[in-house]
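Source: prediction; values computed, not measured. Throughout, a chain's letter reflects where its sequence line sits, starting with A, and its residues are numbered from 1.
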2 protein chains.
Amino acid sequence: MVTMADVAKRAGVTKQTVSNVVRGRTVVSAGTRAKVEAAIDELGYTPNLVARGLSTGTTMTVGFVVPTVANPFYSAVVEEVEALLETRGYHLLLATTRGDGARARRQLASLSSRSVDALLVAGDFDLSECPPAPEGHGPPLVLCAWEIDPPRTLPVVTIDFERAGYLAGRHLRELGHRRVTVVADLPAHRVRVAGLRRALAEDGVSVPDEWVFAAPGATPESGYEAASRALRDRAERPARDRTTAVFSSTDATALGVMEAVRHHGLRVPEDISVIGVDDIPQAAHAHPPLTTVALPKRRMAREATELLWRAIAEGRPTAPSLTLLDPEVLARASSGPAAAAG
Amino acid sequence: MVTMADVAKRAGVTKQTVSNVVRGRTVVSAGTRAKVEAAIDELGYTPNLVARGLSTGTTMTVGFVVPTVANPFYSAVVEEVEALLETRGYHLLLATTRGDGARARRQLASLSSRSVDALLVAGDFDLSECPPAPEGHGPPLVLCAWEIDPPRTLPVVTIDFERAGYLAGRHLRELGHRRVTVVADLPAHRVRVAGLRRALAEDGVSVPDEWVFAAPGATPESGYEAASRALRDRAERPARDRTTAVFSSTDATALGVMEAVRHHGLRVPEDISVIGVDDIPQAAHAHPPLTTVALPKRRMAREATELLWRAIAEGRPTAPSLTLLDPEVLARASSGPAAAAG
DNA sequence: ATGAAAGCGCTAACAT
DNA sequence: ATGTTAGCGCTTTCAT
């Protein structure tokens with residue numbers, strides 16, 4: 001490996017001068033600068049960022065702990081954050097927790113000691129159980145996508161997930177639905193379900209617990225499976241008690257739900273309306289196009305990155321704050337008026 | 001920040017002994033080990049990995065350069081690689097190129113100087129144009145998902161993309177299709193199209209260039225748009241010259257293609273068969289379920305990570321190699337026999 | 001404007 | 001089994 005000392009010797013100067021040239025300081029005369037740059041080229045020198053990091057205490061690296069990137073929601077956030085970091089020459093150290101609390105804590109600890117300049121943590125149910133403490137040592141922490149009980153001790157940028165459920169409920173209510181089945185990744189998405197219930201309650205409608213079906217993992221498969229169980233139940237009920245709409249806590253499960261509805265010989269939305277959450281790219285191109293509550297994930301990524309910059313600039317203790325971004329209903333063809341009762 | 005020296009003083013030993021304890025060396029007596037561990041706990045000491053990295057020349061970090069994580073293909077690969085790295089305590093430094101050649105080269109250079117222990121690069125068209133050289137300095141390099149002209153100078157694990165196209169062509173041929181339209185993200189996926197053509201040519205069938213439609217970006221939107229153009233063309237031709245099948249170079253575009261077909265009042269697969277490539281999670285739950293050529297991406301990730309371990313163990317110069325993984329047709333409902341001519 | 005010296009926190013190679 | 005001495009490659013004083 002060619003070091004700064006090699007370049008210095010070659011150019012007939014000291015390490016310090018080379019350092020000044022490399023970092024674009026203006027204190028170097030044009031002549032020496034040229035000599036040094038020539039030496040750098042000839043030797044193929046690149047600065048060792050680890051050594052610089054040890055010296056300056058800054059690594060130009062941000063850690064990001066995220067449940068998974070196989071989920072379109074998080075992959076969009078990662079993509080956006082990475083792009084933003086790159087504009088300032090920062091790098092992204094990515095760790096996934098995969099819904100495993102122990103793993104999550106391990107990742108957090110090991111990223112902290114890796115001297116990242118800041119740490120961004122995306123919400124995970126398992127992590128919500130034990131929110132990372134704003135310890136004195138360790139890099140500044142920013143939280144995002146925090147669905148359950150955002151801690152008031154840290155800066156957090158998240159989406160109003162309760163409102164996402166609420167807006168879905170309001171949309172269904174406005175279409176006249178009064179018997180709504182829920183397919184949700186529980187307990188992770190319990191807040192979305194609570195929002196849905198709040199909206200329906202405003203109309204005196206309640207969702208019995210037996211109409212709530214668990215779809216773990218937020219995949220079309222699990223949505224299909226949960227909806228199949230729901231539809232078997234439904235078929236056994238008298239016509240006037242039958243579900244006219246399904247609220248799915250993610251778009252991914254909603255796609256599976258729609259397939260299950262069709263396989264049961266029912267039509268979307270004539271027999272059953274379906275509404276999802278997130279607005280993944282496939283939602284608009286599903287069959288029929290999926291009504292959904294869009295989550296402003298890229299905006300969330302941008303605001304979280306802003307907090308990251310602030311945290312890095314300020315140094316250690318980051319002031320607590322809570323930014324709650326508003327979701328928005330995208331009415332498409334998978335939802336329609338409730339069929340006349342009976 | 002509490003350092004090793006602090007712990008040493010507190011425990012009444014030297015840094016070296018603390019170091020031995022921290023790294024689980026067996027040369028420490030039970031008594032001193034206990035004292036040191038107590039001091040570590042009291043002080044809340046965590047080792048500084050940057051300093052260790054400078055000292056050992058190893059950072060326990062692997063860089064991964066990938067076109068994007070917003071695409072399910074790459075996000076699955078990233079997920080798998082990250083999980084594998086984590087089992088050995090390694091971290092993932094992620095960089096995305098987003099189809100931008102200049103950006104790709106920048107990312108490569110900056111990751112190299114960050115002293116990652118190894119560098120994995122996923123294929124990108126822009127990078128294919130100038131394959132990264134196996135330079136003497138810089139970390140060992142492994143390539144994966146290399147679609148165009150894998151360099152013979154480096155270890156590379158990729159998928160036989162030409163064969164993916166070929167298998168799609170053979171599937172359509174066996175169903176009796178002779179007039180096939182292509183929707184592809186060109187030029188990135190030109191190899192897939194070449195494979196398709198080779199299969200059809202075995203049956204004396206050729207695909208005219210006017211039947212090849214560009215769908216940049218591999219999104220349902222671009223697939224929809226490309227297919228709409230294709231279908232307008234098709235409608236102007238006499239019935240006996242009309243396309244009976246569409247080969248889409250990705251599943252994402254294929255979803256858009258199917259939607260466009262329906263919007264033109266045609267049925268999948270009765271009027272037009274559709275086949276995609278990749279087997280993304282949504283493919284099985286599309287309407288109708290999408291026939292596709294599955295790409296063994298997780299297996300690719302595993303084999304690439306194996307090469308990474310080998311490269312890290314061996315040290316600098318990695319022996320060139322080429323592993324080509326076989327794709328596989330998943331026949332589902334979106335493809336069927338060609339409608340009788342006329 | 002450039003040089004010399006010290007040190008970031010750790011590990012490695014000896015010495016004891 | 002533990003202590004001592006040198007660095008790793010860079011940045012930061014402080015001289016000149």
Side-chain angles (χ1 to χ4, degrees), chain A residues 1-37 39-40 43-61 89 110 112-117 137-139 315, chain B residues 1-37 39-40 43-61 89 110 112-117 137-139 315:
Chain A
M1 175 185 268
V2 32
T3 80
M4 199 169 251
D6 299 330
V7 176
K9 188 153 65 173
R10 174 85 169 216
V13 297
T14 59
K15 289 194 302 179
Q16 172 57 359
T17 305
V18 178
S19 175
N20 286 335
V21 170
V22 166
R23 307 190 316 167
R25 293 239 177 149
T26 52
V27 289
V28 192
S29 76
T32 34
R33 148 160 288 121
K35 272 194 310 193
V36 170
E37 280 169 346
I40 287 176
L43 265 32
Y45 166 78
T46 51
N48 180 327
L49 265 1
V50 175
R52 180 181 291 174
L54 180 59
S55 205
T56 59
T58 169
T59 55
M60 299 293 280
T61 299
S110 81
S112 298
S113 62
R114 187 158 277 293
S115 303
V116 294
D117 291 346
H137 28 265
Chain B
M1 173 184 270
V2 32
T3 79
M4 198 169 252
D6 299 330
V7 176
K9 188 155 63 173
R10 174 87 170 216
V13 297
T14 59
K15 289 194 302 179
Q16 178 58 300
T17 304
V18 178
S19 174
N20 286 337
V21 170
V22 166
R23 309 191 318 172
R25 293 236 176 151
T26 53
V27 289
V28 193
S29 76
T32 37
R33 149 160 287 123
K35 272 195 309 192
V36 170
E37 279 170 348
I40 288 178
L43 266 32
Y45 166 78
T46 51
N48 180 327
L49 297 204
V50 175
R52 179 182 291 174
L54 180 59
S55 201
T56 60
T58 169
T59 55
M60 299 293 280
T61 298
S110 81
S112 299
S113 63
R114 187 158 277 290
S115 303
V116 293
D117 291 346
H137 28 266

Can you name the nearest heavy-atom pair linking [X] to [Y], along with the distance?
X     : Y     : value
A/T3  : A/D6  : N-OD2, 2.9 Å
B/T17 : B/V28 : CG2-CG1, 4.3 Å
B/P47 : B/R52 : CB-NH2, 3.9 Å
A/V2  : A/Y45 : O-CD1, 3.3 Å

**Request:** Could I get the full list of side chain to side chain donor-acceptor pair (under 3.5 Å) partners for B/T32, not counting sequence neighbours?
**Result:** B/S29
**Item:** Set of residues satisfying side chain to side chain donor-acceptor pair (under 3.5 Å) with respect to B/S110, sequence neighbours excluded
**Value:** A/H91
**All side-chain contact (heavy atoms from CB on, under 4.5 Å) counterparts of B/S112, not counting sequence neighbours** = B/L119, B/P139
**Item:** Which residues share a side-chain contact (heavy atoms from CB on, under 4.5 Å) with B/A34, sequence neighbours left out
**Value:** none
**Message:** Give me each pair satisfying salt bridge (charged side-chain N to carboxylate O under 4.0 Å, His left out) with a member in residues 7-36 of chain B, each pair once, sequence neighbours excluded.
**Reply:** B/R10-B/E42, B/R33-B/E37
**Asked** Looking at five pairs on each end of the helix from C/dA1-D/dT16 to C/dT16-D/dA1, what is the angle between the two axes, given to 10 degrees?
**Response** 30°
**Item:** Option among B/V22, B/T14, B/N20, B/V21 that satisfies the side-chain contact (heavy atoms from CB on, under 4.5 Å) test with B/V18
**Value:** B/V22
**Request:** Please find the earliest and latest nucleotides of DNA chain C, in the 5' to 3' direction, that have an atom within less than 4.0 Å of any heavy atom of chain B.
**Result:** C/dG9 to C/dA13
**Request:** Mark up nucleotides 6-16 of chain D, 5' to 3', with B wherever a protein heavy atom is under 4.0 angstrom from a base atom, S wherever such an atom reaches only the sugar-phosphate, and - elsewhere.
**Result:** -BBBBBB----
**Asked** Base, sugar-phosphate, or nothing: which does A/V50 touch, judged by heavy atoms less than 4.0 Å apart?
**Response** nothing
